[in-house]
Number of protein chains: 2
Amino acid sequence: MSLRNQIRKGSTEILILTLLADQPMYGYLISQELDRRSGGYFEMKEGLLYPTLHRMEKEGLLRSEWQKTDSARRRKYYNITSQGREMLATQSADWQLFIRKLQEMLSDTDGLGAAQTAE
Amino acid sequence: MSLRNQIRKGSTEILILTLLADQPMYGYLISQELDRRSGGYFEMKEGLLYPTLHRMEKEGLLRSEWQKTDSARRRKYYNITSQGREMLATQSADWQLFIRKLQEMLSDTDGLGAAQTAE
DNA sequence: GCTAATACATAATTTAGTGATGTATAACAG
DNA sequence: CTGTTATACATCACTAAATTATGTATTAGC
């Protein structure tokens, strides 16, 4: 996968990997934590979250297990795999580079002054 | 459009707006300049570039005019509109916020230590 | 004269993300 | 104890960003 393809995936994967790198979590908790930790900025809809978790497990980045407690509401806990940790490191580096490159482009004026603005 | 929707669009629009804020350019030159200024990092395929330029013109962010010189190869020059400049300012702010929020999430460890890694 | 670069464009396909809906259990308020 | 809200999982139809492939035409260079 190319650098830009990973960026194209947006922040979804890296956010999930980041949360799970700290501790195992189930889907609903992931969405709550994302919302809480980002002050409401990162919300992840269920229609994106669950299919993404399934895909990431299929790719070997995560591993899931149903909670075995009997009385509680069923919860599928996701653990990050070593492959997932590698991916997190890769994607973090990719994002850092992307951010640096974008900042460079945004701040890069060629000194010719602004072009005329069409109406 | 929500903040995250703009981010979801990727860097395509903001890169085009940034280049055109300096000077009018035609499509082919935009792709060359992106490549050159980013040291090969940002390449924009024709299948993305041209439809995006058309869409942005339709949305009023750009205005195009065919070059009137007779001997030269035909070139469609794009100028940024005042609406385009507003959009550039908006999207720059959106990206700065997104980057800050993402950095916060990536650096935010809860002090509990890493979770076990599943194999 | 042939090939590569310039310069535009569209069409088919893939896939990230949205919005809607469905199921089931637990907690809570009236 | 009954209706509503929150928890917790999931899938489906749709939208649209990006890739890949293809097409047309002109100009430059070997």
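Chain A is the first sequence line, chain B the second, and so forth, proteins listed ahead of strands; every chain is numbered from 1.
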Ignoring backbone atoms, test whether B:Arg55 places a side-chain nitrogen or oxygen under 4.0 Å from the OP1 or OP2 oxygen of D:dA16.
-> no

Find the distance B:Leu49:CG to D:dA17:C1' and express it as a whole number of Å.
-> 14 Å

Given atom CG of B:Leu53 and atom P of D:dA18, what is their separation to the nearest angstrom?
-> 13 Å

NZ/A:Lys76 to OH/A:Tyr50 distance, rounded to the nearest 0.5 angstrom?
-> 10.0 Å

Roughly how many Å is it from CZ in A:Arg75 to P in C:dA24, rounded to a whole number?
-> 20 Å

Nearest 0.5 Å please: distance from the CG atom of A:Leu34 over to the CG atom of A:Leu49.
-> 8.0 Å

Over 60° means perpendicular and under 30° means parallel, so classify the ring planes of B:Phe98 and A:Phe42, tilted if in between.
-> perpendicular

Distance check: side-chain N/O of B:Tyr50 vs OP1/OP2 of C:dA9, anything under 4.0 Å?
-> no

Global bending angle along the helix from C:dG1-D:dC30 to C:dG30-D:dC1, which compares the axes of five pairs at either end, to 10 degrees = 10°

Given atom CD of A:Glu46 and atom P of D:dA6, what is their separation to the nearest angstrom?
-> 13 Å

Taking every non-hydrogen atom, the tightest pair across A:Met87 and A:Leu17 | CG-CD1, 3.9 Å

Spacing of B:Glu43 atom CD relative to D:dA18 atom C1', expressed in whole Å | 13 Å

Using atom CE of B:Met56 as one end and atom C1' of D:dA16 as the other, report the distance to the nearest whole Å.
-> 16 Å

Apply ring pair (Phe, Tyr, Trp, His ring centres under 6.0 Å) to B:Tyr77 and list each qualifying residue two or more places apart in sequence or on a separate chain.
-> B:Tyr26

For D:dT11, does OP1 or OP2 lie under 4.0 Å from any side-chain N or O of A:His54?
-> yes

Do the non-hydrogen side-chain atoms of B:Leu19 and B:Met25 ever get within less than 4.5 Å of each other?
-> yes

B:Thr12 side-chain N/O to D:dA18 phosphate OP1/OP2 under 4.0 Å | yes

Answer with base, sugar-phosphate or nothing: what part of the nucleic acid does B:Gly27 contact at a heavy-atom distance below 4.0 Å?
-> sugar-phosphate

Which of the following nucleotides, C:dA7, C:dT25, D:dC9, is nearest to the side chain of B:Tyr28?
-> C:dA7

Rounded to whole Å, NZ of B:Lys45 lies from P of C:dC8 at a distance of 18 Å

What integer distance in Å separates A:Ile14:CD1 from C:dG17:P?
-> 13 Å

Tell me, do A:Leu61 and A:Ile80 make a side-chain contact under 4.5 Å, heavy atoms counted?
-> no

A:Lys76 side chain: which of D:dT7, D:dC9, D:dT27 is closest?
-> D:dC9

Considering only side-chain heavy atoms of B:Leu48, which listed nucleotide, C:dA7, D:dA10, D:dA18, is closest?
-> D:dA18

